[in-house]
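Any value given below was found using the heavy atoms of this structure, including those in side chains, with hydrogens, waters and symmetry copies removed.
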Amino acid sequence: MTQLTTKAAGVFVIAVTPFHPDGRIDMESCDRMVDFYLEAGATGLTVLGMMGEAPKLTVDESRDVVARILKRVAGQVPVVVGVSAPGFAQIDALTRLVMDLGAAGVMVAPPGSLRTDDQIVTYYTQIAELLGEVPFVLQDFPLVTGVQMSAKVITRIVNDLPTCVCLKHEDWPGLEKITALRRSGVLNRRISILCGNGGMFLPEEMARGSDGAMTGFAYPEMMVGVVAQYAKGNVDRAQDIFDAYLPLARFEQQPGLGLALRKYTLARRGIIAHDALRRPGVALSPESRAEVDRLITRQEKRLKELN
């Protein structure tokens with residue numbers, strides 16, 4: 001089993017959880033989805049993230065989804081599993097389960113009850129003690145968790161806890177935080193910084209020193225292309241690729257509709273069989289579907305011009 005390390009880079013795609021219209025998990029679509037992400041150039045996958053509808057799954061379903069994805073991945077790339085939960089008992093149980101299945105590490109977001117810097121540091125210190133040698137991703141997502149983590153707090157966590165190997169940075173956009181963490185002498189070791197927010201700020205994040213993306217978008221090819229071009233020093237080409245996909249990426253960021261839009265596009269591309277969300281979940285209007293179709297048509301035209 002390959003464990004997640006501080007060298008994690010590229011694009012770790014946040015996987016959706018495919019469902020049948022009646023709410024059953026669609027395992028065949030899981031297989032197609034994994035194949036698609038790997039063919040698109042993903043360097044890793046993240047399962048049971050916030051956009052993976054993890055809270056809607058039972059423990060047994062979570063195990064089955066992770067097991068199916070790990071089997072399909074077959075060790076080609078590392079797989080990170082989100083294990084955030086209100087209590088440590090749930091985090092511990094799910095961590096042991098997924099690591100035994102072959103996961104590379106886990107991701108933990110802070111509970112919304114944390115308010116002070118010391119509370120945040122204490123929480124992650126206890127998480128590290130709970131997880132033992134399991135490498136973990138520190139998820140900084142204040143728009144959802146309500147927890148504000150400064151660069152100073154993240155520095156304390158990283159410097160004190162060697163099993164914290166990656167920061168999932170998804171402040172909005174929090175670019176100064178990346179710059180602060182990358183300044184010489186701030187961290188006692190270099191860790192991976194992978195960014196979220198649907199890739200909406202990816203060119204700027206790469207310029208500030210991130211190692212890539214850990215997020216979802218119905219066209220992961222965009223993120224793979226931007227990261228690859230930055231690695232080659234082709235900044236303008238990276239920006240051109242990003243700009244071609246930006247209208248659809250922006251549309252997908254609508255609060256409350258983003259996952260439904262992403263699943264609709266993935267189903268439209270034939271990657272998953274259905275765009276169903278498990279209840280409670282929104283259904284797209286005919287107008288929203290038509291708007292996605294229009295944006296995709298314009299996107300395809302622009303990509304042809306670029307190539």
Side-chain angles (χ1 to χ4, degrees), residues 10-21 26 28-42 45 49 51-53 170 172-173 195-206 212-230 232 234-278 281-307:
V11 177
F12 279 61
V13 181
I14 300 286
V16 302
T17 303
F19 294 104
H20 291 284
D26 183 352
E28 290 74 22
S29 286
C30 277
D31 291 344
R32 285 197 306 276
M33 177 184 68
V34 169
D35 293 346
F36 164 70
Y37 288 148
L38 294 177
E39 290 168 4
L45 297 181
M51 294 298 274
E53 299 179 78
E170 44 192 335
W172 188 264
C195 297
N197 296 320
M200 284 288 288
F201 304 98
L202 187 55
E204 292 79 15
E205 290 160 346
M206 294 300 297
M214 181 183 281
T215 190
F217 175 45
Y219 285 83
E221 302 97 314
M222 178 274 280
M223 298 182 290
V224 171
V226 170
V227 172
Q229 293 301 323
Y230 256 91
K232 296 175 182 177
N234 299 332
V235 175
D236 288 341
R237 179 64 177 175
Q239 189 71 53
D240 287 342
I241 294 171
F242 176 80
D243 290 348
Y245 290 95
L246 180 56
L248 183 61
R250 172 189 61 83
F251 196 76
E252 198 183 274
Q253 286 298 303
Q254 294 180 68
L257 279 181
L259 181 58
L261 292 165
R262 185 177 303 169
K263 280 193 160 184
Y264 170 70
T265 307
L266 290 171
R268 187 182 186 275
R269 301 186 72 188
I271 297 155
I272 59 177
H274 311 282
D275 63 355
L277 276 67
R278 179 173 277 186
V282 299
L284 291 183
S285 67
E287 290 82 4
S288 290
R289 293 170 185 264
E291 286 160 350
V292 171
D293 294 343
R294 175 179 174 274
L295 289 171
I296 290 174
T297 297
R298 291 179 58 83
Q299 175 179 287
E300 290 172 347
K301 179 182 177 182
R302 179 57 182 146
L303 288 170
K304 288 180 181 178
E305 293 171 353
L306 282 178
N307 291 334

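Summarising the geometry of Pro203 relative to Gln239, their closest heavy-atom pair is CB-OE1, 3.6 Å, with the distance given to 0.1 Å. The two atoms that bring Gly198 and Phe217 nearest to each other are O-CB, 4.2 Å, heavy atoms only. What you find for Ala244 and Leu306 is that their closest heavy atoms are CB-CD1, 3.8 Å. Considering all non-hydrogen atoms of both residues, Met223 and Ala213 come closest at SD-CB, 4.1 Å. Annotation for Ala42 and Val13: closest pair CB-CG2, 3.8 Å, computed over non-hydrogen atoms.
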* Output, in order, the C-alpha distance, side-chain angles, deciding distance and verdict of salt bridge (charged side-chain N to carboxylate O under 4.0 Å, His left out) for Arg289 and Asp275. => CA-CA 11 Å; Arg289 293 170 185 264; Asp275 63 355; 3.0 Å; yes
* To do: Please test Asn197 against Trp172 for side chain to side chain contact (heavy atoms under 4.5 Å, CB included), starting from the C-alpha separation and ending with a verdict.
  => CA-CA 7 Å; Asn197 296 320; Trp172 188 264; 3.2 Å; yes
* Tell me, with the steps shown, if Val34 and Glu39 meet side chain to side chain contact (heavy atoms under 4.5 Å, CB included). => CA-CA 9 Å; Val34 169; Glu39 290 168 4; over 6 Å; no
* Mind running side chain to side chain contact (heavy atoms under 4.5 Å, CB included) on Asp236 and Asn234 for me, showing each step along the way? => CA-CA 6 Å; Asp236 288 341; Asn234 299 332; over 6 Å; no
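Taken from CG in Leu248 to CZ in Arg262, the straight-line distance is 10.5 Å, to the nearest 0.5 Å. Here the OH atom belonging to Tyr230 is positioned 10.5 Å from the CD atom belonging to Glu205, to the nearest 0.5 angstrom.
Salt bridge Glu291/Arg294: absent, no basic N to carboxylate O contact under 4.0 Å. A salt bridge does not link Arg298 with Asp293: none of the charged nitrogens is closer than 4.0 Å to a carboxylate oxygen.
Side chain of Asp26 to backbone of Ser29: a donor-acceptor contact under 3.5 angstrom is found. Listed for the Gln229 side chain is no donor-acceptor partner under 3.5 Å among the backbone atoms of Val235. In this structure, Thr17 contributes its side chain and Gly52 its backbone to a donor-acceptor pair below 3.5 Å. With hydrogens and angles ignored, the 3.5 Å screen pairs no side-chain donor or acceptor of Tyr37 with any backbone N or O of Ala15. A donor-acceptor contact shorter than 3.5 Å is absent between the side chain of Ser288 and the backbone of Leu284. Looking only at distances, no side-chain donor or acceptor of Lys263 sits under 3.5 Å from a matching main-chain atom of His274. For the pair Glu53 (side chain) and Arg278 (backbone), a donor-acceptor distance under 3.5 Å is present.
Side-chain atoms of Phe12 and Leu45, non-hydrogen and from C-beta on, never get closer than 4.5 Å to each other. Side-chain atoms of Leu266 and Met33, non-hydrogen and from C-beta on, never get closer than 4.5 Å to each other. Between Phe36 and Glu221, some side-chain heavy-atom pair lies under the 4.5 Å cut-off. Taking the side chain as every heavy atom from C-beta outward, Leu261 and Gln253 never approach each other to under 4.5 Å. Within the 4.5 Å cutoff, side-chain heavy atoms of Ile296 are placed close to those of Arg268. With a 4.5 Å cut-off on side-chain heavy atoms, Leu257 and Val282 count as touching. Between Thr215 and Met200 there is no side-chain heavy-atom pair separated by less than 4.5 Å. In this structure, Tyr245 and Leu303 have side chains that are in contact, with non-hydrogen atoms separated by less than 4.5 Å.
Annotation: cation-pi geometry satisfied between Arg269 and Tyr219 (NZ/CZ under 6.0 angstrom from ring centroid, within 45° of ring axis).
Remark: Phe251 pairs with no residue by the ring-ring contact (aromatic ring centres under 6.0 Å, His included) rule, at least two apart or across chains.
Partner Ile241 forms a side-chain contact (heavy atoms from CB on, under 4.5 Å) with one of Val227, Leu202, Val226, Val224 and no other, that one being Val226.
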